[in-house]
Trainee: 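Before I ask anything, let me first share the structure, which is written out below as structure tokens.
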There are 2 protein chains.
Amino acid sequence: MLPTPDDVTIIRRTPLFSALDEAQAMALLRGARVRDYADESLLFSAGDRADHFYVVLRGSVRLFALSEEGDETIIEVIGAGNSFAEGAIFGAGRYPVHAEVFSGARLVSINAAPLLEALRSDSGMAMAVLASLCRWQLNLMAEIRRLKAQAPAQRLAWFLVSLAGDVSGEAVFRLPFRKTIVAGRIGITPESLSRALARLAELGVETKGDIVTVHDVEALRAFCRG
Amino acid sequence: MLPTPDDVTIIRRTPLFSALDEAQAMALLRGARVRDYADESLLFSAGDRADHFYVVLRGSVRLFALSEEGDETIIEVIGAGNSFAEGAIFGAGRYPVHAEVFSGARLVSINAAPLLEALRSDSGMAMAVLASLCRWQLNLMAEIRRLKAQAPAQRLAWFLVSLAGDVSGEAVFRLPFRKTIVAGRIGITPESLSRALARLAELGVETKGDIVTVHDVEALRAFCRG
DNA sequence: CTGCGCTATTGATGATGGTCAAGCCGCTGC
DNA sequence: GCAGCGGCTTGACCATCATCAATAGCGCAG
């Protein structure tokens, strides 16, 4: 399916595309295809030939690695308005991780060929892609920092704060995906997530199902630091 | 100081430069300066204007973040034959982390200007830099995976295995930096590192000062997995 | 040689995350 | 309604990591 005008609006707002002008964006979108995913579905596996990259229009996608025994490690969860796998196209030309869409997601897949083509002829395009990869790099480094320096409960707090956004005072929102996934995202087990959420109640965090109420976002932010 | 022919040889073997031809490499190296660091020394701080990137010719450099209280979190340690901070030049144009060279290191600093210039006019350059950033991305993702999926002792084992290289059977080598740094590198405290090393003795790992003897690299590799 | 400073180790202790196992809740389909 | 299922929670237990504190080794300067 071709992108609707609404889809294009979202695409143009992604970090990658927002650095491009109209003509550059349209060149990339030639051959782009949009798809809705009613159910969970494997998008690609690690080692697959990387001939597409993606923009999440709705819902989310999780990137993960699998151990030999089949245990999965979540590397990253990509939410709406972000592109991913653009990096895999260069370098090895293979996806380094597995990707699975959550049910209800909507993605656009973009061919690698026009991108590689544009890179050859258009230096502005190169800068845009480089900037996009740098964003990734920053995110990953920040993630490493959190994993090394913060206790699981603090990482959870950080996760909630980032969901709450810029609000100060009270925030109410819903978890963007199943708790099992949230736990994996933070790097703990589902059991620990339950307990961590219970402990955060003292700091004014209530959870009912996937609805979270943070009574004092500032207090949570402070807790993230120590 | 200008790069010696030996320096240039090392530079040309880095992932970034090996994708470039002679002329492209020389264009980048215009204005490059080599420096030996007798002592530890801060190279740049997070937030500094990113107007150079670096290649490690000898020794190593550690990239780290600082908390408000001054606690440091090691993000990565860069060894000889690798470039770093090339990503910081795009995107925000500021270094995202602090960098400190270890005593005895030798680095070459390369101006951002010729790189940005070359990117505009030379699409091959863009591909080389993109590939280099992708390598980074892979490393960082692998690191996240290890932090999430492996216990500290396993991470230590992995670290030793990666130092041992492709050998099978016995390997003897020296730790490339102080144990405190090794501990930070794998995300544990120095105390835990001591104990973890002691426990690895059962698997045939002996340490005397910074000399490590691994009697059966294969066994260690197996231990990394579980 | 001696003393200082830094790094590494060792010990004791407490907190907490993982694991295994059981129970609960909410949904779906019959 | 009820059974069954998946996801979530709870509990008990154990392993282990961080912390704090003390000690031991080592290099170096005087």
Side-chain angles (χ1 to χ4, degrees), chain A residues 38-40 62 67 69-74 100 102-104 146-159 174-203 205-212 223 226, chain B residues 38-40 62 67 69-74 100 102-104 146-160 174-203 205-212 223 225-226:
Chain A
D39 301 324
E40 297 206 337
R62 84 175 185 285
S67 73
E69 298 90 36
D71 301 324
E72 100 168 35
T73 308
I74 294 181
E100 187 169 84
F102 291 118
S103 57
R146 277 189 298 271
L147 286 167
K148 281 186 172 175
Q150 299 190 321
Q154 289 175 306
R155 296 204 296 272
L156 169 60
W158 172 86
F159 180 76
R174 57 168 42 217
L175 296 175
F177 26 76
R178 232 176 322 129
K179 290 216 177 106
T180 311
I181 305 294
V182 173
R185 173 63 243 284
I186 305 175
I188 58 178
T189 59
E191 295 97 318
S192 293
L193 175 64
S194 271
R195 293 186 237 271
L197 276 174
R199 229 177 308 157
L200 282 188
E202 297 170 7
L203 283 148
V205 178
E206 282 174 50
T207 60
K208 195 166 293 182
D210 56 355
I211 304 292
V212 180
F223 174 74
Chain B
D39 301 323
E40 297 205 338
R62 85 174 184 285
S67 72
E69 298 90 38
D71 301 324
E72 99 169 33
T73 308
I74 294 182
E100 186 170 82
F102 291 118
S103 57
R146 277 190 297 272
L147 286 168
K148 281 186 173 177
Q150 299 190 320
Q154 289 175 306
R155 296 205 295 272
L156 170 60
W158 173 87
F159 180 75
L160 296 178
R174 59 167 40 219
L175 295 176
F177 26 76
R178 231 174 324 129
K179 290 218 178 97
T180 312
I181 305 294
V182 173
R185 174 63 244 283
I186 59 186
I188 59 178
T189 60
E191 295 97 318
S192 293
L193 175 64
S194 270
R195 294 185 235 271
L197 276 175
R199 232 177 308 158
L200 282 188
E202 297 171 7
L203 283 148
V205 178
E206 283 174 49
T207 60
K208 194 168 292 180
D210 56 356
I211 305 290
V212 180
F223 174 74
R225 295 186 262 276

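In what follows, chains are A, B, ... by sequence order, proteins preceding strands, each numbered from 1.
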Trainee: Answer yes or no: does a side-chain N or O of A/Arg199 lie under 4.0 Å from OP1 or OP2 of C/dG17?
Mentor: yes
Trainee: When you look at B/Glu191 and B/Lys179, which way does the salt bridge (Lys or Arg N to Asp or Glu O under 4.0 Å) test go after all the steps?
Mentor: CA-CA 10 Å; B/Glu191 295 97 318; B/Lys179 290 218 178 97; over 6 Å; no
Trainee: D/dC8 phosphate, OP1 or OP2: any side-chain N/O from A/Thr180 under 4.0 angstrom?
Mentor: yes
Trainee: Rounded to the nearest Å, what distance is computed from the CD1 atom of residue B/Ile211 to the P atom of nucleotide C/dA8?
Mentor: 14 Å
Trainee: In whole Å, what is the span from the NZ atom of A/Lys208 to the C1' atom of D/dT9?
Mentor: 16 Å
Trainee: So do B/Leu193 and B/Leu197 actually touch side chain to side chain, heavy atoms under 4.5 Å?
Mentor: yes
Trainee: Contact class for A/Ile188 (heavy atom, under 4.0 Å): base, sugar-phosphate, or nothing?
Mentor: sugar-phosphate
Trainee: So A/Phe223 and A/Leu200, side chain to side chain contact (heavy atoms under 4.5 Å, CB included) or not? Walk me through it.
Mentor: CA-CA 10 Å; A/Phe223 174 74; A/Leu200 282 188; 3.9 Å; yes
Trainee: Could you check how far CD of B/Glu191 sits from P of C/dA8, rounded to whole Å?
Mentor: 11 Å
Trainee: Expressed in angstrom and rounded to an integer, what is the separation of B/Asp210 atom CG from C/dT9 atom C1'?
Mentor: 15 Å
Trainee: If you check every side-chain atom of A/Ser192, which of C/dG18, D/dC8, D/dC17 has the closest atom?
Mentor: C/dG18
Trainee: Remember a base hit wins even if backbone is also touched, and classify A/Arg178 as base, sugar-phosphate or nothing at under 4.0 Å, heavy atoms.
Mentor: sugar-phosphate
Trainee: Write down the distance between CG (A/Leu193) and C1' (C/dT19), rounded to a whole number of angstrom.
Mentor: 16 Å
Trainee: Name the orientation class of the two ring planes belonging to A/Phe177 and A/Phe159 (parallel below 30°, tilted from 30 to 60°, perpendicular beyond 60°).
Mentor: tilted
Trainee: Please determine whether a side-chain nitrogen or oxygen atom of B/Thr189 lies at a distance below 4.0 Å from atom OP1 or OP2 of D/dA18.
Mentor: yes
Trainee: What is the separation between atom CD on A/Glu40 and atom C1' on D/dG6, rounded to the nearest whole Å?
Mentor: 12 Å
Trainee: With a 4.0 Å cut-off, would you call B/Arg225 and A/Glu69 a salt bridge?
Mentor: no
Trainee: Taking CD from B/Gln150 and P from D/dT16, how many angstroms apart are they, rounded to a whole number?
Mentor: 15 Å
Trainee: Expressed as a whole number of angstroms, how long is the span from B/Arg195:CZ to D/dT19:P?
Mentor: 12 Å
Trainee: Check every strand shown and say whether B/Pro190 touches a base, only sugar-phosphate, or nothing at a heavy-atom separation below 4.0 Å.
Mentor: nothing
